[in-house]
Amino acid sequence: MNEARVVLLVRDGCHLCDEAVAVVRAVCADTGDTWALRDVDSDPALKAEYSDHVPVTFVDGVRHAIWHVDGVALRAALSRRA
């Protein structure tokens with residue numbers, strides 16, 4: 001998906017997306033891992049696949065979570081190297 005270890009698919013006005021951003025930002029700040037946001041509405045293919053399922057979190061290119069990001073589970077996934 002991206003060079004970042006964690007990629008978070010979001011859209012404007014999504015409260016679950018805002019919550020997921022806060023969790024990903026905090027965990028990646030602690031672990032030192034890179035992360036990036038992608039707006040599903042700016043990419044027709046992403047919008048078609050994930051429109052009703054945002055936020056979607058990927059770790060090392062593999063889907064990790066939909067709708068909610070658990071900080072403990074994200075840390076565990078990041079502790080395993082790609």
Side-chain angles (χ1 to χ4, degrees):
M1 298 225 57
N2 194 318
E3 291 181 17
R5 285 214 60 207
V6 179
V7 175
L8 186 58
L9 303 183
V10 298
R11 75 164 28 100
D12 285 337
C14 167
H15 74 282
L16 291 177
C17 297
D18 295 339
E19 293 172 11
V21 167
V23 172
V24 170
R25 178 182 288 129
V27 169
C28 288
D30 287 345
T31 64
D33 289 295
T34 57
W35 67 285
L37 291 176
R38 297 208 35 209
D39 180 356
V40 296
D41 294 324
S42 67
D43 182 321
L46 289 177
K47 186 174 181 178
E49 187 168 355
Y50 298 107
S51 181
D52 294 334
H53 298 101
V54 293
V56 183
T57 309
F58 292 85
V59 175
D60 297 324
V62 177
R63 190 175 72 200
H64 171 75
I66 295 176
W67 294 313
H68 299 281
V69 182
D70 178 277
V72 173
L74 180 58
R75 282 179 195 280
L78 289 171
S79 71
R80 298 183 291 273
R81 285 285 155 196

Non-neighbouring partners of D70 that pass side chain to side chain donor-acceptor pair (under 3.5 Å), sequence neighbours left out: none
Using 0.5 Å steps for rounding, measure from the NE2 atom of H64 to the CG atom of L74. 5.0 Å
The reported gap from CG in L9 to OG in S42 (rounded to nearest 0.5 angstrom) is 9.5 Å
Taking salt bridge (Lys or Arg N to Asp or Glu O under 4.0 Å) as the definition, give me every residue that meets it alongside D30, ordered by chain and number, with sequence neighbours left out. R75
Under a 4.5 Å cut-off applied to non-hydrogen side-chain atoms, are F58 and R63 in contact? yes
Shortest non-hydrogen contact from R5 to R80? NH2-O, 3.0 Å
Hits for side chain to side chain donor-acceptor pair (under 3.5 Å) against T31, two or more places apart or cross-chain, chain-then-number order -> D33
With a 4.5 Å cut-off on side-chain heavy atoms, are V10 and V54 touching? no
May I have the list of side-chain donor-acceptor pairs in residues 12-22 shorter than 3.5 Å, sequence neighbours left out?
none

Not counting sequence neighbours, which residues clear side chain to side chain contact (heavy atoms under 4.5 Å, CB included) with D43? List them please. R38, A45, L46
Closest approach of C28 to W35 (non-hydrogen atoms, all atoms of both residues): CB-CD1, 3.6 Å
Please identify each residue that fulfils side chain to side chain contact (heavy atoms under 4.5 Å, CB included) with A65, with sequence neighbours left out. T57
Pairing residues for D39 by the side chain to side chain donor-acceptor pair (under 3.5 Å) criterion, not counting sequence neighbours: none
Set of ring-ring contact (aromatic ring centres under 6.0 Å, His included) partners for H53, sequence neighbours left out: W67
Distance from L37 atom CG to R11 atom CZ, nearest 0.5 Å? 14.0 Å
